[in-house]
Amino acid sequence: MQVSRPRRLSLSTWAVHSWLGVHAPDSPGQAGPESADVASFRALAEHLQPLGIETLEVCHFHLPRAQVTEIAAGLRADGFQTYQLLIDDGDLAHPTDSARDAAWMTGWLERAAEAGFARVRVIAGKTPDPERLPQVVTHLDALCARATELGVRVVFENWYPLMATPDAVLHIAREFGDRIGLCFDFGNWGGPTKYADLGQIVHLAESCHAKCQFQDGQPDEADFGRCLELTREVGFDGPYTLVHGEAHRPGEPTLWESIRAQADLVRPYL
């Protein structure tokens, strides 16, 4: 499947979640009553353009179901690439609800295709039971098949307990080969083996959630830089998507200043 090459400095709408003010996400079995609106996304574009951010990943719950296509088209008219829709819920490993959740994910996949997103990121299971990996593979297989019909690419992420180890991520990668991609998030894993573990999967990265941690209003440049170096070592050439936006106390950097600081740290890797 051919996917248009993204401009590489990207933002997830999760980075501005507090600014968008959305607190009731759409979930399997329950539609969220609140979401952002067209005006919010036009205002977002005005903030991001001066920062040189030209690509967006949008959380599903920031999009009103009835306005997904309108908002995505508006973002593209403002010069942004709508690279990836983040389907941020559902558990393909759930012992009783996995089929329901897979159907719900499929619905969002179809809306993403209608709206012109290049990719969707799905959660490859939350339930921390490795014996459910075959079940996850079955659901992912159906999602990938539907995505191929629609001309959209599916990626998964090293996120939640089931995908919290290199072995689990590599298992999915072996099962699917080039039918599925990896959204490489270097802020999801921690502990003393963090960099060694990330080093085992970084070669699979097609997109990168460049998740910077903050302390006292300042970015943790040592950790951020070390993770970015992992991507450089394998020749990563996809988008770096900023995920954290920090809104601090008076006198500390603003949300937009924190995003600018992260963008400046990423630019040498573009």
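Note that this is a predicted model, so its numbers are computed, not measured.
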Reported [atom1]-to-[atom2] distance for the pair [X] and [Y], which is rounded to 0.5 angstrom:
X    : Y    : atom1 : atom2 : result
E54  : D78  : CD    : CG    : 12.5 Å
L92  : L143 : CG    : CG    : 6.5 Å
L133 : D167 : CG    : CG    : 10.5 Å
C59  : I87  : SG    : CD1   : 11.5 Å
T231 : D237 : OG1   : CG    : 10.5 Å

Atom of [X], atom of [Y] and distance for their closest heavy-atom approach:
X    : Y    : result
R153 : I180 : NH2-O, 3.1 Å
W189 : P166 : CH2-N, 3.6 Å
A118 : V152 : O-CG1, 3.6 Å
R65  : W104 : NH2-NE1, 3.7 Å
G116 : T82  : O-OG1, 3.6 Å
H62  : P64  : O-CD, 3.8 Å

So [Y] and [X], do their side chains get closer than 4.5 Å, heavy atoms only?
X    : Y    : value
V122 : W108 : no
F80  : Q49  : yes
V16  : I259 : yes
L51  : L11  : no
V154 : F176 : no

[X] and [Y]: side-chain donor and acceptor closer than 3.5 Å?
X    : Y    : result
S12  : H209 : no
T96  : H94  : yes
D223 : Q213 : no
S10  : T241 : yes
D37  : S40  : yes

Cluster check [X], [Y]: I/L/V/M/F/W/Y, side chain < 4.5 angstrom:
X    : Y    : answer
L86  : F61  : no
Y160 : I201 : no
Y195 : F186 : no
I123 : L182 : no
L230 : V169 : yes

Exactly one of E57, E206, Q84 clears side chain to side chain donor-acceptor pair (under 3.5 Å) with R119, and that residue is E206

Does [X] [atom1] have over 12 foreign heavy atoms under 6.0 Å away?
X    : atom1 : value
W14  : CH2   : no
E149 : CD    : yes
R100 : CZ    : yes

Taking [X] for its side chain and [Y] for its backbone only, find out whether a donor-acceptor pair lies under 3.5 Å.
X    : Y    : result
Q262 : H244 : yes
N158 : D185 : yes
E257 : T254 : yes

From the list D89, D91, D97, salt bridge (Lys or Arg N to Asp or Glu O under 4.0 Å) partner of K126 resolves to D89

*Taking the six-membered ring where the residue is Trp, are the ring centres of H47 and W19 under 6.0 Å apart?*
yes

Next item on the list: For this output row, return yes or no: ring centroids of H60 and F117 closer than 6.0 angstrom.
Entry: no

What I want to find out is whether R232 reaches E229 closely enough, with some N-O distance under 4.0 Å, to be called a salt bridge. yes

